[in-house]
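The structure appears below as structure tokens.
Whatever order the structure lists them in is the order used to number ligands and atoms, beginning at 1. Along the sequence shown, the residues carry numbers beginning at 1.
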Amino acid sequence: MTAEIIDGKAIAEDVRAKVKVSVAERLAAGKPVPGLATVLVGDNPASQVYVRSKRKACEEAGIQSFGVELPATATQADVESAVRELNQDSRVNGILVQLPLPSHLDEEAVLNTINLNKDVDGFHPVNIGRLAQKGREPAFVPCTPAGCIYLLEKTLPTLRGVNAVVLGRSNIVGMPVALLLVRADATVTICHSRSKDLPAIVREADVLIAAVGRPEMVRGDWVKPGAVVIDVGINRVEDASKKSGYRLVGDVAYDEVKEVASHITPVPGGVGPMTIAMLLQNTLRGAELAEK
Ligand code: NDP
């Protein structure tokens with residue numbers, strides 16, 4: 001059996017087109033244009049690329065974007081006061097502090113400063129806490145995990161009762177995606193670097209989410225026939241045949257696993273494009289929350 005490819009690029013484009021229509025409808029109804037503010041501290045080249053692509057995606061969807069750039073020498077007080085200013089700015093419906101911050105800054109304290117109803121990245125400790133609690137609703141859900149669940153909902157009729165295995169327990173992907181799966185009534189196993197006999201645990205999975213940052217770690221013989229595989233990993237591996245000298249691979253050995261799984265996300269073109277699509281959706285939600 002060769003797996004069906006879950007086309008994250010096309011699904012993300014569809015979400016972005018819907019956000020664009022909703023933004024236009026808001027304008028036609030005389031409502032303000034939604035706004036997203038990005039806060040970039042320092043000159044990490046990867047962060048600069050991410051922020052640029054998020055701002056470009058906003059533009060394409062008709063969302064106004066505001067860029068705040070602070071030098072690598074910015075103090076904790078500088079960053080927190082920039083966030084507080086954005087909290088007060090009614091044109092801004094979402095505030096995204098690009099992580100990682102330079103190591104002298106206290107990331108949790110900065111995230112704590114963001115107004116809960118503008119926390120479009122969903123990383124505010126209160127929003128994460130609500131995600132973990134039954135009967136509570138976070139104002140926003142983190143974008144990459146939300147993108148994974150969106151792809152699963154497009155693929156499976158329900159997640160209720162499915163055995164889901166999440167590889168990775170990071171704050172930004174593994175743990176929130178596991179919490180979302182629990183909320184969707186899946187039975188969830190979370191694995192990490194201290195887990196024993198990963199292949200045996202993964203073989204029980206109807207749904208597998210791989211978010212470890214280890215190139216092609218999940219092999220074909222780890223996967224249960226017919227499983228749905230969501231590969232979050234983005235890893236550079238050397239490839240002399242490419243002009244850049246490298247290519248991108250996921251955490252899953254795609255060529256092997258696609259012969260066993262029923263559905264699989266490619267890398268690139270799977271989860272990656274969903275992250276920005278969910279960010280735009282969250283910013284639109286921020287604009288709606290501002291009217292309540
Ligand atoms: P982290 O490095 O923060 O977390 C990795 C997790 O994997 C940790 O929980 C770690 O365990 C676990 N782990 C590492 N090695 C192993 C191993 N050999 N066996 C079992 N578990 C292991 O990574 P992130 O969560 O930030 O990212 C994961 C991947 O997803 C990366 O490739 C990243 O580039 C990608 N990513 C993609 C995004 C997208 O938009 N598509 C967005 C964000 C990330 P422990 O906790 O014990 O250390």
**Study point:** Electrostatic pair R91:D89 at N-O distance under 4.0 angstrom
**Key:** yes
Review point. Below 4.0 angstrom, N of the basic side chain to O of the carboxylate: do K56 and E60 qualify?
Key: yes
Check your understanding: Hey, is ligand 1 close enough to S193 that some N/O pair sits below 3.5 Å?
Key -> yes
Practice item. Check whether any heavy atom of L167 sits under 4.0 Å from an atom of ligand 1. Key: no
Revision key, fill the gap. Closest to atom 31 (C) of ligand 1 (heavy atoms only, candidates G272, C191, G213) is G213
Check your understanding: Are R84 and E80 close enough that some pair of their side-chain heavy atoms sits under 4.5 Å apart?
Key -> yes
Study note, to complete from the structure: shortest atom 33 (C) of ligand 1-to-protein heavy-atom contact is with I234 N, 4.2 Å
Revision key, fill the gap. Honestly, for L198 the part within reach of ligand 1 (heavy atoms, under 4.0 Å) is side chain
Review point. What residue and heavy atom of the protein are closest to atom 24 (P) of ligand 1, and at what distance?
Key: S170 OG, 3.7 Å
Review point. Is ligand 1 under 4.0 Å from a heavy atom in the side chain of T144, in the backbone, in both, or in neither?
Key: side chain
Exercise for review: Could you see which bit of V212 sits under 4.0 Å from ligand 1, with heavy atoms only: side chain, backbone, both or neither?
Suggested key: both
Review point. Is M274 in contact with ligand 1, taking contact as a heavy-atom separation below 4.0 Å?
Key: no
Review point. Closest non-hydrogen protein atom to atom 26 (O) of ligand 1, residue and atom name please, with distance?
Key: I172 CD1, 3.5 Å
Review point. Heavy-atom distance to atom 8 (C) of ligand 1: which of R169, H192, R236 wins?
Key: R169
Practice item. Indicate whether atom 3 (O) of ligand 1 is within a distance of less than 4.0 angstrom of some protein heavy atom. Key: yes
Exercise for review: Considering heavy atoms of the protein only, find what lies nearest to atom 37 (C) of ligand 1 and give residue, atom and distance to 0.1 Å.
Suggested key: V232 O, 3.2 Å
Check your understanding: Quick one: nearest non-hydrogen protein atom to atom 44 (C) of ligand 1, plus distance?
Key -> V173 CG2, 3.8 Å
Exercise for review: Among all protein heavy atoms, pick out the one at the shortest distance from atom 40 (O) of ligand 1; state its residue, atom name and that distance to 0.1 Å.
Suggested key: T275 OG1, 2.8 Å
**Study point:** D251 N/O to ligand 1 N/O under 3.5 Å
**Key:** no
Review point. In terms of atom number and element, which parts of ligand 1 are under 4.0 angstrom from non-hydrogen atoms of G168?
Key: 6 (C), 7 (O), 9 (O)
Review point. How far does CG of L36 sit from CD of Q64, to the nearest 0.5 angstrom?
Key: 10.5 Å
Practice item. Could you go through the salt bridge (Lys or Arg N to Asp or Glu O under 4.0 Å) check for E288 and K31 one step at a time? Key: CA-CA 10 Å; E288 287 161 0; K31 294 180 180 173; over 6 Å; no
Review point. For the atom pair CD (E4) and NE2 (H263), what is the distance rounded to the nearest 0.5 Å?
Key: 4.0 Å
Check your understanding: Linking Ile, Leu, Val, Met, Phe, Trp and Tyr through side-chain heavy atoms less than 4.5 Å apart, which residues share a cluster with L198?
Key -> I5, V165, L167, I201, V202, L208, V212, M217, V218, W222, V223, V229, V252, Y254, V257, V260, I264
Practice item. Please report which non-hydrogen protein atom sits nearest to atom 17 (C) of ligand 1, along with the residue it belongs to and the distance in Å to one decimal place. Key: M217 SD, 3.9 Å
Review point. Where does N235 meet ligand 1, judged by heavy-atom distances below 4.0 Å: at the side chain, the backbone, both, or neither?
Key: side chain
Review point. Does G174 have a heavy atom less than 4.0 Å from any atom of ligand 1?
Key: no
Exercise for review: Starting at CD of E69, measure out to CD of Q48 and round the result to the nearest 0.5 Å.
Suggested key: 7.0 Å
Review point. Does atom CD of E291 have more than 12 heavy-atom neighbours from other groups under 6.0 Å away?
Key: yes
Review point. If you count the atoms of ligand 1 from 1 in the order shown, which ones are under 4.0 Å from a heavy atom of A211?
Key: 5 (C), 6 (C), 7 (O), 28 (C)
Point to revise | Rounded distance (nearest 0.5 Å) linking atom OH of Y50 with atom CD of Q98 | key: 8.0 Å
Exercise for review: First locate atom SG of C58, then atom CZ of F66, and finally report the distance between them rounded to the nearest 0.5 Å.
Suggested key: 10.0 Å
Exercise for review: Let me know which of V188, V173, L152, D231 forms a side-chain contact (heavy atoms from CB on, under 4.5 Å) with I209.
Suggested key: L152
Review point. Does a side-chain heavy-atom distance below 4.5 Å link L86 with K118?
Key: no
Revision key, fill the gap. Interatomic distance, NE2@H124 vs CG@D119, rounded to 0.5 Å, equals 6.5 Å
**Study point:** Distance filter under 4.0 Å to V271 heavy atoms, resulting ligand 1 atoms
**Key:** 41 (N)
**Study point:** Residue and atom name of the nearest protein heavy atom (relative to atom 15 (N) of ligand 1), distance in Å to one decimal
**Key:** R214 NE, 3.2 Å
